[in-house]
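Please read the structure below before turning to the comments.
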2 protein chains.
Amino acid sequence: MVISPTEENYLKAIYHLQALSEVVSTTHLAQKLQTKPASVTDMMKKLQAKNLLHYTPYHGFSLSAEGRKTALHIVRRHRLWEYFLAEKLSFEWNEVHEVAEELEHIGNKKLIEKLDAYLGFPQFDPHGDPIPDSRGRMQQPELVPLSTAPIAFTGVLQLVTDQSKDLLEHLASRKLRIGTRLELRSRSAFDGSVDIKMGSKTLTLTRQLANHLLLKQI
Amino acid sequence: MVISPTEENYLKAIYHLQALSEVVSTTHLAQKLQTKPASVTDMMKKLQAKNLLHYTPYHGFSLSAEGRKTALHIVRRHRLWEYFLAEKLSFEWNEVHEVAEELEHIGNKKLIEKLDAYLGFPQFDPHGDPIPDSRGRMQQPELVPLSTAPIAFTGVLQLVTDQSKDLLEHLASRKLRIGTRLELRSRSAFDGSVDIKMGSKTLTLTRQLANHLLLKQI
DNA sequence: ATAAAAATTTAGATTAGCCTAAAAATTAAC
DNA sequence: GTTAATTTTTAGGCTAATCTAAATTTTTAT
């Protein structure tokens, strides 16, 4: 079956949104793809006709088994290229995504298998996200609480185990978000508070807070 | 200026056809691009409007300075990827073209400059064709007559210095064409005739013929 | 130099992906 | 449980790139 780059982008976006909620809405997808809801509806009809998703008008959509398989192939290509760009071409980790967005649409099977082998079958991309293997399987990255991570640990904030308003505000005011990359610089022997480096700036978090921040290693 | 992948394909095709004759015709280009003359005419108007080529209706077209510069960037990207595929991913030399056709349309400047550096600024691609540098300059490959090439020399037939019907028929019957890759296996001390390997088969050419076949090294 | 052949352009459709505006369905609010 | 607000879909258009068929121009052959 032929799947256009545009269709691929839709499938990938739905795949990612489904991590948040099993069924995806028209507006949510439109916003993710920087397009209009009407365009999404058009495309949903096309993808349903191709059996790539389940779609009930007015009630959202979700990937079919076939659609999910396709999305995983796209994610695989994207993350392999990200790994290549960072590891071989020495791009910075935050520059790789944009370029990989273009490279991911080249579907040639042999290319991807050879690239994978050349890179040494990496399990995680430069953002710490798992790279699906050729059959779509992937490792879940190990999550480490910032409070117990070793000094010099570098990771990405992946999960916050306390969703209280106060904690979230505390994080927001410090621009700490899911996906933020940080490095553990030191841990106080006195109170267990940690100093972390986030981009160019450094900040201190209490042990209590650090305990709720789960990182994936990168 | 924004140039679509389709427009890029047109520019590249014109660039290559111009090596044969300075001005390119509608049918010739249509045939090269596996499309119809009417489609070519449409595109020529568009590319002329973008100042990428000179176009006189009914009298063919040629690249403008700007168009030639753009075409050279595309050729550069194509050949760098070919080199990457053969050298790093161990594709066979005859498999690289197809994949590079897709990769070449990713225009990200930083990507190409970093790829070039990673590959060690190669001068020639796996077919022996010169790779333009970032300013569009390239080395002309050295041409060696098959009659004087060293044993084990591998190259691609690039130029035939005698266009007589008899010679051309002789080549045709042996499927020896411009672009054919061959390897010199041995040279007779008796009469200077050479044994060459072409793909899986071997054949013998007289010294007289070998003298008219110019190869570029690969 | 003219008629026939070949090449090229124009005219008018088609398809994919997108848009705006209007209509319809769902959800939320009282 | 109606009404209002929100979400989603439909209807109708737009653009890029393509096509076929018809018209036009150029080239070739006498």
Side-chain angles (χ1 to χ4, degrees), chain A residues 1-14 17-18 20-63 67 70-71 74 101-102 104-107, chain B residues 1-14 17-18 20-63 67 70-71 74 101-102 104-107:
Chain A
M1 195 194 350
V2 182
I3 300 179
S4 72
T6 307
E7 290 170 329
E8 290 190 342
N9 284 335
Y10 274 88
L11 291 175
K12 187 169 57 118
I14 296 170
L17 289 178
Q18 279 196 281
L20 304 176
S21 77
E22 191 52 37
V23 69
V24 175
S25 76
T26 304
T27 18
H28 204 174
L29 183 52
Q31 166 191 317
K32 175 112 176 171
L33 288 169
Q34 304 267 63
T35 183
K36 302 290 164 179
S39 308
V40 170
T41 301
D42 283 352
M43 185 58 86
M44 292 309 98
K45 289 190 223 162
K46 261 184 60 181
L47 294 180
Q48 186 189 36
K50 288 189 176 186
N51 291 312
L52 293 167
L53 47 79
H54 304 299
Y55 169 44
T56 321
Y58 293 103
H59 294 285
F61 28 79
S62 58
L63 295 177
T70 306
I74 303 162
E101 285 287 298
E102 303 197 55
E104 75 188 4
H105 297 297
I106 296 169
Chain B
M1 195 192 351
V2 181
I3 299 178
S4 72
T6 308
E7 290 170 331
E8 289 190 343
N9 284 335
Y10 274 88
L11 291 175
K12 186 169 57 117
I14 296 169
L17 289 177
Q18 279 196 281
L20 304 177
S21 77
E22 190 53 38
V23 69
V24 175
S25 77
T26 303
T27 16
H28 204 175
L29 183 52
Q31 167 191 317
K32 175 111 176 171
L33 288 170
Q34 304 267 63
T35 184
K36 302 290 164 180
S39 310
V40 169
T41 301
D42 283 351
M43 185 58 87
M44 292 308 98
K45 289 191 223 162
K46 262 184 60 182
L47 294 179
Q48 186 189 36
K50 289 189 175 186
N51 290 313
L52 293 167
L53 47 78
H54 305 297
Y55 170 45
T56 320
Y58 294 102
H59 295 284
F61 28 79
S62 58
L63 295 177
T70 305
I74 303 162
E101 285 287 297
E102 303 197 56
E104 75 188 4
H105 297 297
I106 296 170

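So that the names make sense, note that chain A is the first sequence line, chain B the second, and so on, each numbered from 1. Below, each value reflects all heavy atoms present in this structure, side chains not excepted, and no hydrogens, waters or symmetry copies.
Nucleotide D/dT7 holds its C1' atom 12 Å from the OH atom of A/Tyr55, rounded to whole Å. As a whole-Å value, the separation of A/Glu8 CD from C/dA16 P is 16 Å. Atom CG of B/Asn9 is separated from atom C1' of D/dT18 by 14 Å (rounded to the nearest Å). Following rounding to the nearest Å, A/Ile3 (CD1) and C/dA16 (P) show an atom-to-atom distance of 15 Å. Rounded to an integer number of Å, the gap from CD of B/Gln48 to C1' of C/dT9 is 14 Å.
Atom CG of A/Leu53 is separated from atom CG of A/Leu11 by 7.0 Å, given to the nearest 0.5 angstrom. Interatomic distance, A/Thr70 OG1 to A/Leu52 CG, rounded to the nearest 0.5 Å: 5.5 Å. Atom CD1 of A/Ile106 is separated from atom CD1 of B/Ile106 by 4.0 Å, given to the nearest 0.5 angstrom.
Taking both residues in full, the closest heavy atoms of B/Gln48 and B/Tyr55 are given as NE2-O, 3.0 Å, listed atom of the first, atom of the second, then distance.
When the side-chain nitrogen and oxygen atoms of B/Thr26 are compared with OP1 and OP2 of C/dT9, one or more of them lie within a distance under 4.0 Å. At D/dT18, one or more side-chain N or O atoms of B/Tyr10 fall inside 4.0 Å of OP1 or OP2 (strictly under the cut-off). Proximity of B/Thr27 to the phosphate of C/dA6: no side-chain N or O atom is located under 4.0 Å from OP1 or OP2. When the side-chain nitrogen and oxygen atoms of B/His59 are compared with OP1 and OP2 of C/dT8, none of them lie within a distance under 4.0 Å. The shortest distance between the side-chain N/O atoms of A/Tyr58 and the OP1/OP2 oxygens of C/dA23 is not below 4.0 Å.
Considering only side-chain atoms of B/Asp42, the nucleotide from D/dC19, D/dT9, C/dT9 that sits closest is D/dC19.
Of the candidates A/Met44, A/Lys45, A/Met43, A/Thr41 forms a side chain to side chain contact (heavy atoms under 4.5 Å, CB included) with just one, namely A/Lys45.
Screening residues 5-14 of chain B for salt bridge (charged side-chain N to carboxylate O under 4.0 Å, His left out), with sequence neighbours left out, gives B/Glu7-B/Lys46, B/Glu7-B/Lys50, B/Glu8-B/Arg77, B/Lys12-B/Glu101, B/Lys12-B/Glu104. The salt bridge (charged side-chain N to carboxylate O under 4.0 Å, His left out) pairs that include a residue from residues 27-44 of chain B number zero, where partners must be two or more places apart or lie in different chains.
Applying a 4.0 Å cut-off to non-hydrogen atoms, the residues of residues 28-41 of chain B that approach DNA chain D are B/Thr35, B/Lys36, B/Ala38, B/Ser39, listed by residue number.
Across all strands, A/Phe61 comes closer than 4.0 Å to no nucleic acid atom at all (heavy-atom distances).
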